[in-house]
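All chains are named by letter (A, B, ...) in the order of the sequence lines, taking the proteins before the strands, and each is independently numbered beginning at 1.
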Amino acid sequence: MGVEYKAWPFREAQGLLPRFRQHPAAPVAFQTGFGPSGLPHIGTFAEVARTTWVRRAFEHLTHYPTRQIAFSDDMDGLRKVPLNLPNAEMLEAHLGRPLCSIPDPYGCCESYSAHMNGKLREFLSHYGFNYEFQSSNEAYTRGDFDAGLCILLEREAEVKAIVLPTLGEERQADWSPFFPICERCGRVYSTRVLACRPEEHALDYACDRADGRIPSCGHRGTLPITGGRVKVGWKVDWALRWYSYDIAYEMYGKDLIDSAKISGRIVKLMGKRPPHGFYYEMFLDEQGQKISKSVGKGVTVDAWIQYASLESLLFFLYQTPQRQRRLYWDVIPKSVDDYLAELRAYHGAPEEERPNHAIWHIHNMGREVPRFDTSVNYSLINNLIVGIGADEPGLIADFLERYDPSSRNYHATLMDLVAKGLNYYRDFVLPNKHYRRPTENEKRMFGELRERLAAYSGDDEKEMQAMPFEVARANGVEPAALFKAFYEVVFGQERGPRFGTFVKLVGKERAMELLGNAAS
RNA sequence: GGGCGGGUAGCUCAGCCGGUAGAGCAACGGCCUUUUAAGCCGUGGGCCGAGGGUUCGAAUCCCUCCCCGCUCACCA
């Protein structure tokens with residue numbers, strides 16, 4: 001191929017090329033992970049989106065078939081009860097059991113993890129991602145991992161040699177790559193491996209490792225390692241997935257860099273090559289803290305969608321994944337306008353340059369790129385909303401379409417921007433306004449202004465503009481003081497739109513209503 | 001302590017496969033036949049964290065150091 005694209009998804013895809021000198025026999029597998037102990041959050045969304053971009057870039061370069069797996073770790077045990085879930089007492093009783101064998105705290109699905117998995121699938125499908133869902137529990141039970149498990153059992157000592165040095169002294173004593181699920185009490189975090197029996201593909205264990213709130217039942221027994229009766233621990237589990245599904249690509253947060261290294265060594269030990277890795281930086285909240293998974297702090301996908309388009313979120317997520325960035329409400333307006341600016345620029349870019357644009361990646365490899373050739377943008381809309389203090393979308397749109405007639409060609413998009421701008425205004429601008437009560441003198445002037453407006457039959461901007469001046473002079477007050485009072489009382493801000501323009505825009509009736517309220 | 005990222009205008013950041021700095025907001029000034037501006041036009045403002053190196057030339061590449069943040073060292 002002649003062109004070298006420098007956009008990061010292409011750099012990633014290019015890193016993958018040396019693995020496939022020949023056309024691969026099976027679709028090239030890209031994977032994302034999901035921990036179903038909580039609801040899917042924006043990090044999960046970001047990971048799936050970014051992986052999709054790399055996948056598409058790879059397809060663009062090679063035309064090889066690919067697949068994307070969303071893998072859910074639903075065999076993991078519950079170590080502590082999340083704060084944001086109902087039925088905490090019930091969950092407490094199931095600590096240490098795999099998520100897939102704990103009842104749904106919401107009571108609607110067949111298990112805890114089934115609920116979370118359902119949410120994930122709903123979430124990803126709703127936003128149009130292409131992926132195959134894979135449950136860890138189903139994979140274990142079905143035997144997807146059996147071959148890999150047998151290799152791990154044979155080479156248990158070597159796996160230990162890799163993992164033990166990374167553990168604390170205390171854990172080293174009884175740590176094993178294998179976590180048997182106790183046949184009697186069903187817990188996975190209370191067991192301890194006593195002996196491995198590689199020739200029988202089995203191991204001996206004891207359920208006597210009570211830890212904190214996780215009890216043990218004291219049972220001792222022997223279990224085959226296959227068929228989902230035994231799972232493997234974290235880094236080993238990751239390696240096992242890579243091994244069993246021939247994962248070629250997986251990205252992860254920078255907190256997992258060390259884990260990925262360990263897992264890579266394990267998968268090599270098993271005889272396969274680790275996937276091409278890529279780590280991304282974490283998003284920070286307003287205070288510069290990592291966005292929490294369990295506590296509903298920070299921006300969620302659904303919340304973003306209320307204030308701006310999905311595309312603007314994707315645009316945000318596309319930018320510099322390896323740089324730490326703040327993800328907070330105040331980044332939304334800028335992101336929307338940056339996105340719209342890119343959208344305008346995109347159509348003017350030469351064909352061969354387009355794959356370097358975020359727009360190309362966001363809109364299905366440049367196949368479905370909308371147009372938005374108008375100067376209207378989100379900040380204009382927000383300013384307008386603040387300026388006229390109106391909450392009628394039609395009114396705002398009217399003004400915009402007069403302001404720039406070309407915006408009429410994008411009416412639907414415009415209305416969406418307006419609706420979302422109004423949401424943003426309501427939730428983030430309005431709470432910061434400080435309305436004050438008018439003085440008696442000001443009330444009287446508002447009343448007089450209202451009467452003048454009522455007595456006037458035309459709708460000439462200049463004539464209406466003259467009214468506040470007349471009222472102010474008649475009361476021996478500086479016009480500036482009256483304007484200021486008007487803005488502070490009606491808009492909750494020191495400044496506002498030109499009076500005549502404002503009345504013309506919102507209509508005399510509405511203006512009189514506002515003045516009437518202010519005067520009472 | 002290890003790993004990762006950042007330190008550029010008052011604030012938030014872009015620029016970083018080298019050619020003497022940009023945007024948005026804020027500030028200031030001006031404009032729409034009257035003093036009010038959602039809007040428009042314009043202005044000011046930065047030894048680009050510190051030092052050294054490579055180069056004709058470095059915010060941009062290399063080295064050292066300082067500061068800030070995140071993250072792993074317990075668990076998946």
Side-chain angles (χ1 to χ4, degrees), chain A residues 4 6 11 33-38 73-80 98-99 136 165-171 175 179 188-189 211-212 214 231-238 252-263 279-291 293 319-326 328 330-331 333-335 337-338 341 375-390 396 399-400 403-404 461-462 465-466 468-470 472-473 477-488 491 493-502 505-506:
Chain A
E4 280 248 329
K6 59 179 199 278
R11 285 204 312 269
F34 169 66
S37 56
D73 282 309
D74 52 9
M75 275 279 267
D76 287 0
L78 183 67
R79 203 164 275 281
K80 58 182 180 191
L99 296 167
S136 177
T166 70
L167 299 175
E169 265 180 53
E170 232 175 280
R171 277 280 172 275
W175 188 85
F179 286 63
V188 65
Y189 289 151
D211 180 23
I214 301 172
K231 78 182 284 289
V232 287
W234 169 221
K235 292 150 204 164
V236 191
D237 216 4
W238 211 6
Y252 40 86
K254 75 151 181 220
D255 51 329
L256 297 184
I257 291 173
D258 288 337
S259 297
K261 280 183 194 154
I262 306 293
S263 298
Y279 59 83
Y280 50 86
E281 269 284 353
M282 324 257 61
F283 288 119
L284 306 179
D285 65 16
E286 189 188 21
Q287 275 84 36
Q289 306 294 303
K290 174 181 169 179
I291 288 183
K293 293 172 192 172
Q319 312 297 326
T320 56
Q322 292 193 301
R323 250 156 118 140
Q324 223 171 47
R325 282 152 73 234
R326 236 168 37 90
Y328 202 64
D330 52 6
V331 307
K334 183 167 162 42
S335 189
D337 283 345
D338 286 352
S375 61
V376 170
N377 67 10
Y378 200 58
S379 77
L380 174 71
I381 291 172
N382 288 330
N383 284 333
L384 189 63
I385 291 170
V386 171
I388 70 179
I396 309 281
F399 181 90
L400 293 169
Y403 169 83
D404 181 357
E461 236 180 275
K462 286 177 211 156
Q465 170 68 9
F469 288 96
E470 290 158 12
R473 287 194 195 104
V477 168
E478 280 296 310
L482 175 57
F483 281 116
K484 193 158 179 287
F486 178 64
Y487 296 131
E488 288 175 350
F491 297 139
Q493 55 195 38
E494 283 186 21
R495 294 174 172 182
R498 193 185 182 87
F499 186 78
T501 315
F502 169 71
L505 206 56
V506 300

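Atom C1' of rC13(B) sits at a distance of 30 Å from the matching atom of rU54(B), rounded to the whole Å. As rounded to the nearest Å, rC66(B) and rC28(B) have C1' atoms that lie 36 Å from one another. To the nearest whole angstrom, the two P atoms, one in rC40(B) and one in rC48(B), are 32 Å apart. rG2(B) and rU43(B) are spaced 50 Å apart, taking the P atom of each and rounding to whole Å. Comparing the P positions of rG30(B) and rG22(B) gives an interatomic distance of 26 Å, to the nearest angstrom. Comparing the P positions of rC25(B) and rU34(B) gives an interatomic distance of 26 Å, to the nearest angstrom. rC56(B) and rC68(B) have their C1' atoms separated by 36 Å, given to the nearest Å. Taking atom C1' in both rG3(B) and rA14(B), the straight-line distance is 27 Å, to the nearest Å.
Here the C1' atom of nucleotide rG2(B) and the CD1 atom of Ile262(A) are 12 Å apart, to the nearest Å. Residue Phe283(A) contributes atom CZ, which lies 16 Å from atom C1' of rC13(B) at whole-angstrom precision. rG15(B) atom C1' lies 14 Å from atom CG of Asp338(A), rounded to whole Å. Residue Glu470(A) contributes atom CD, which lies 14 Å from atom P of rU35(B) at whole-angstrom precision. Atom NZ of Lys254(A) and atom C1' of rG2(B) are 13 Å apart (whole Å).
Using a 4.5 Å cut-off on side-chain heavy atoms (C-beta onward), Arg326(A) and Phe283(A) make no contact.
When only modelled atom types and interatomic distance are considered, Ser259(A) and Trp238(A) share no side-chain donor-acceptor pair under 3.5 Å.
Across all strands shown, rG18(B) remains unpaired; no Watson-Crick or G-U wobble contact has both distances below 3.5 Å. The pairing partner recorded for rG1(B) is rC72(B), the criterion being a Watson-Crick or G-U wobble arrangement whose two distances lie under 3.5 angstrom. rC61(B) is paired with rG53(B) under the criterion used here, namely a Watson-Crick or G-U wobble arrangement in which both key atom distances are under 3.5 Å. Nucleotide rC25(B) is matched to rG10(B) when pairs are restricted to Watson-Crick or G-U wobble geometry with both distances under 3.5 angstrom. Base-pair partner of rU33(B): not found among the strands shown (Watson-Crick or G-U wobble, both distances under 3.5 Å).
The side chain of Arg323(A) has rC16(B) as its nearest neighbour among rA76(B), rC17(B), rC16(B). Nearest to the side-chain atoms of Asp258(A) among the listed nucleotides rU71(B), rG5(B), rG2(B) stands rG2(B). Residue Lys6(A) places its side chain closer to rC17(B) than to any other of rU71(B), rC17(B), rG5(B). With rG5(B), rA76(B), rU71(B) as the choices, the nucleotide that has an atom nearest any side-chain atom of Glu281(A) turns out to be rG5(B). Nearest to the side-chain atoms of Ser259(A) among the listed nucleotides rA76(B), rG69(B), rG2(B) stands rA76(B). For Lys231(A), the side-chain atoms get nearest to rA76(B) when compared with the rest of rG5(B), rA76(B), rG3(B).
Judged by the 6.0 Å and 45° rule, Arg79(A) forms a cation-pi pair with Tyr189(A).
Between Tyr189(A) and Ile257(A), the residue whose closest nucleotide on RNA chain B is further toward the 5' end is Ile257(A). Positionally, the nearest nucleotide of RNA chain B for Pro479(A) lies more toward the 5' end than for the other of Pro479(A) and Leu380(A).
Using a 4.0 Å heavy-atom cutoff across all strands shown, Glu170(A) reaches no nucleic acid atom at all. Across all strands shown, Phe179(A) has heavy atoms under 4.0 Å from sugar-phosphate atoms exclusively, and none from any base. Within the 4.0 angstrom heavy-atom criterion, only backbone atoms of the sugar-phosphate kind lie near Gly168(A); the bases stay farther away. Residue Leu167(A) is in sugar-phosphate contact alone, with no base atom involved, counting any heavy-atom pair closer than 4.0 Å across all strands shown.
In this model, no side-chain donor or acceptor of Arg325(A) finds a partner on the base of rU12(B) within 3.5 Å. Between the side chain of Lys334(A) and the base of rC25(B) there is no donor-acceptor pair of N/O atoms closer than 3.5 Å.
Taking a cutoff of 4.0 Å between a charged side-chain nitrogen and a carboxylate oxygen, Lys254(A) and Glu281(A) qualify as a salt bridge. A salt bridge does not link Lys231(A) with Asp74(A): none of the charged nitrogens is closer than 4.0 Å to a carboxylate oxygen.
In this structure, OH on Tyr280(A) lies 7.5 Å from CG on Leu256(A), to the nearest 0.5 angstrom.
When ring centroids are compared, Phe499(A) and Tyr487(A) stay outside the 6.0 Å threshold.
A sub-4.0 Å separation between OP1 or OP2 of rU35(B) and a side-chain N or O of Arg473(A) is absent. Between Arg326(A) and rU12(B) there is no side-chain polar atom (N or O) within less than 4.0 angstrom of OP1 or OP2.
Listed for the Asp337(A) side chain is a donor-acceptor partner under 3.5 Å among the backbone atoms of Ser379(A).
Taking a centre distance below 5.5 Å and an interplanar angle below 30 degrees as the stacking criterion, Phe469(A) stacks against the six-membered base ring of rU34(B).
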